[in-house]
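Okay, so here's the structure we're looking at.
Proteins get letters first, then strands, A, B, ... in listed order; numbering begins at 1 in each. Because only heavy atoms are used, hydrogens play no part in the values below, and waters and symmetry mates are left out as well, while side chains stay in.
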4 protein chains.
Amino acid sequence: MTATTPDQSADAAAPTTERGRRKRAAIVSAARAVFEDAGFKDARIADIAKRAGASYGSFYTYFESKDEIFREVVQDVTDEMFETSRSGSGTIDPVERIEIANRKYVEAYARNARMMSVMAEVSAYDDFTGAMNYEIRKRFVDRNAAGIRRLQASGEADPKIDAEIAADVLGGMIERFAQVWVPRRTPEEIEAAVPVLTSIWARGIGLQG
Amino acid sequence: MTATTPDQSADAAAPTTERGRRKRAAIVSAARAVFEDAGFKDARIADIAKRAGASYGSFYTYFESKDEIFREVVQDVTDEMFETSRSGSGTIDPVERIEIANRKYVEAYARNARMMSVMAEVSAYDDFTGAMNYEIRKRFVDRNAAGIRRLQASGEADPKIDAEIAADVLGGMIERFAQVWVPRRTPEEIEAAVPVLTSIWARGIGLQG
Amino acid sequence: MTATTPDQSADAAAPTTERGRRKRAAIVSAARAVFEDAGFKDARIADIAKRAGASYGSFYTYFESKDEIFREVVQDVTDEMFETSRSGSGTIDPVERIEIANRKYVEAYARNARMMSVMAEVSAYDDFTGAMNYEIRKRFVDRNAAGIRRLQASGEADPKIDAEIAADVLGGMIERFAQVWVPRRTPEEIEAAVPVLTSIWARGIGLQG
Amino acid sequence: MTATTPDQSADAAAPTTERGRRKRAAIVSAARAVFEDAGFKDARIADIAKRAGASYGSFYTYFESKDEIFREVVQDVTDEMFETSRSGSGTIDPVERIEIANRKYVEAYARNARMMSVMAEVSAYDDFTGAMNYEIRKRFVDRNAAGIRRLQASGEADPKIDAEIAADVLGGMIERFAQVWVPRRTPEEIEAAVPVLTSIWARGIGLQG
DNA sequence: AATGAATGAGGTTTCATTCAT
DNA sequence: CATGAATGAAACCTCATTCAT
């Protein structure tokens, strides 16, 4: 994949029939599975087509290129990472809110772990994927920053802290935790570590005596 | 690159003459530059040879394959990351020690940033590189854990904290900070952020009132 | 070609369309011609493809490797050598039967002479081809042994002779005759020598006063 | 190896010192071993040099090319095949003489079996080797023809037989026997089969009853 | 639309031979 | 003469993309 900017002028027409929509969806789903198994470079169109029960040529009826379908899968992942982390919580206790947010992020990451890893691979040489990665991160960090500023305003968090940097750094801590722990540890181990994350986070911004 | 374990049975001979040593070093150096520019998959032997002022065949005088030279470069990076982070500091103040350690890691990362990124790419499908990455991380995290335990023993850090998990998580925070900031920010911005990292770290383990 | 055992897990798909079948057959035919001209080692995929009017890649649509197509050609030759020598003769005179069998073998060899020679070359380092060569020989020798035993049972051939060894040795005589004479002599010379072969064979097993 | 005619204008000088002669002999010996192990095409100059304890460059001090050294080895084999089969026997009994000659050929073949097989491989594309093979065969067949004519003159063998063709055909029987049996059977089995060869040969030319 | 065959640029690797030291 | 590094022409194989049916 060469460095590119998103190109919306898709030549491959959107399917008009129900059957076409199903086939298209099958290809996207198969592509995601193949990318997860093989990474981007080693994924072959032939494998995607076979896995989708489609022919070689059918792939190109729906997608212009390998890049294009990869971007569609990346977009799906990005959307889901957004979606999941969006819903707020009803609680009032700030530490509990932080823990819920952290847990949500880790859970969303777990559902998309392989693709997140492949996106990290591809970001190295593809601008679009890099931008998507950045978006996911930015959304997460921005929400964290807003939360910290709110806690500073209410006098619960240390007002001397730079909220943007702290949110960036602490968000990175969660990201890295997910990257490292999700593929290697059991759900129970991860669950047990989340309170440690929360505690560090809370102390880090001066919450709690 | 297919998943592999380190293989010491190098078929390509070590150079016996001074001239050979120079050419070999030139190839390693050129290879690193090419990997940094292009990543692993897109790096071409032809480019490495040309950049080293060597012929196509000369490459294969010293290295069996693209995999082999990549591992040599990875080994070099790993060694340097170890080397740098090893030397202790003379100070006694724990916060200052943490800051020095963090700054050292970030500086070492900065010197190897592109290769660290390529290694992240390749770790996805190559066991050797994955193992090297793991080694770097483990070394860093272990040192941190020892430091935390020491501070707990001296009563400076909160003894209720699980030192291993905290070291893992806080180490990840530094790693991710380096990954994200080094390629995108100026040295000044990074320098300015390090105290934030240090502060969060220190508070996170219960240092300071 | 490295030593191998036959591998039935062909990855290259069998053609499903008529067009595909034609192209595949053209490639097999071209391959045989190229192997006959150049032997195995010097045969180049590019030449096979060009001769078949196909592109480089088309070759790999149907065959995994040079080894695989060589085996297919070898299989064809083997089949034809079997086929030809199978049909019995109607005559009752044992000497006449021997002469017919010898002539048939030599004729079959003549039709496949170049490939038989290439197979001899390749047998030196490839197990599959060696096995095919062995099969051809075994089939021929076994039939001869049965014939000799029949003649011994009917009292026409010397019963003291070891039929298996005699069949092996006399079969080898025919094989070697074909190897040496077919490429170097005219059909007329060969035709004229066949009765000598027959006479030696017949006398050798004690037929005729 | 491309088709060539023997070229006596060797550029590589004959060694003048004793040490040079020894090294040259070591290279020839190593080359033979490598050709026997690997055949012609797969034999590498590097392996020959290493096996001879010589450097890469030394090889080219003594030999112009891979072809040249192969021809030297082939010449050695040819000489030895000649040498061995030359010495006559003292006996008078014609059948015994035939048996001795056959046994001698098989024994000489056994000593050179691997190289004879490699020569068969190379004969397919190299004229010089083909000529050597032909020489070996011709010498053997000619001697046989002379023997048959002698027996015809003395009234022991059937005078109606064409001595040249019979010698060719029966010689081929021995050759093929050696090719097939030597690599696959034990010396005892071979020894046991030689009388069958002799018997067929003797009967074939009308000797005995 | 669907199918699957056809294309060919692009990359890796080998190794006989030459050449600088 | 000895050494071993340097050269580069081949040759193989892959696979995204195009195209004929």
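- Atom CZ in F63(A) sits about 15 Å away from atom C1' in dA1(E), given to the nearest Å.
- F70(B) places its CZ atom 14 Å from the P atom of dT12(E), with the value rounded to the nearest Å.
- With hydrogens and angles disregarded, a donor-acceptor distance shorter than 3.5 Å links the side chain of K66(A) to the backbone of A43(A).
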Do any side-chain atoms of residues 27-36 of chain B form donor-acceptor pairs under 3.5 angstrom with protein atoms, and if so which ones, sequence neighbours left out?
from: R32(B); atom 1: NE; to: E36(B); atom 2: OE2; distance (Å): 3.0
from: R32(B); atom 1: NH2; to: N112(B); atom 2: OD1; distance (Å): 2.6

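- Annotation: side chain to side chain donor-acceptor pair (under 3.5 Å) contacts of T78(B) (sequence neighbours excluded): none.
- Stem regions annotated for DNA chain E: E:2-21 with F:2-21, counting only runs of 3 or more consecutive pairs of Watson-Crick or G-U type with both contacts under 3.5 Å.
- Shown here for G39(D) and R114(D), the closest heavy-atom pair between the two residues is N-NH2, 4.4 Å.
- Closest approach of P15(B) and G20(B) over heavy atoms only: CB-C, 3.5 Å.
- Of the residues near DNA chain F, K23(B) and A54(D), the one whose nearest nucleotide (by heavy atom distance) lies more toward the 5' end is A54(D).
- Look at CD1 on I69(C): it is 14 Å from C1' on dC12(F), rounded to the nearest Å.
- An OP1 or OP2 oxygen of dA6(F) is reached within less than 4.0 angstrom by no side-chain nitrogen or oxygen of S55(B).
- One interatomic measurement links the two molecules: NZ of K50(A) to P of dC15(F), which rounds to 12 Å at whole-angstrom precision.
- The distance between atom CZ of R24(C) and atom P of dG4(E), rounded to the nearest whole Å, is 17 Å.
- Atom-to-atom, CZ of R21(A) to P of dA1(E) comes out at 11 Å; the value is rounded to the nearest Å.
- At the phosphate of dC1(F), neither OP1 nor OP2 sits under 4.0 Å from any side-chain N or O atom of T61(D).
- Geometrically, R24(D) does not engage Y62(D) in a cation-pi contact, judged by NZ or CZ lying under 6.0 Å from the ring centre and within 45° of the ring axis.
- Scored by the side-chain contact (heavy atoms from CB on, under 4.5 Å) test, S65(A) finds D67(A), E68(A) as partners (sequence neighbours excluded).
- The nearest whole Å value for the distance from the CD atom in E68(B) to the P atom in dT13(E) is 10 Å.
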**OP:** Go along nucleotides 16-21 of chain E 5' to 3' and tag each nucleotide: B for a protein heavy atom under 4.0 Å from its base, S when only backbone or sugar atoms are that close, - otherwise.
**Re:** BBB---
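- When each of dA6(E), dA6(F), dG4(F) is scored by its nearest atom to the side-chain atoms of T17(B), the top-ranked nucleotide is dG4(F).
- Take R19(C) and apply the salt bridge (charged side-chain N to carboxylate O under 4.0 Å, His left out) test, not counting sequence neighbours, and it matches no residue.
- A49(D) and S55(D) make their closest contact through CB-O, 3.7 Å (heavy atoms, listed as atom of the first residue, atom of the second, distance).
- Counting non-hydrogen atoms under 4.0 angstrom, S58(A) reaches a base of the nucleic acid.
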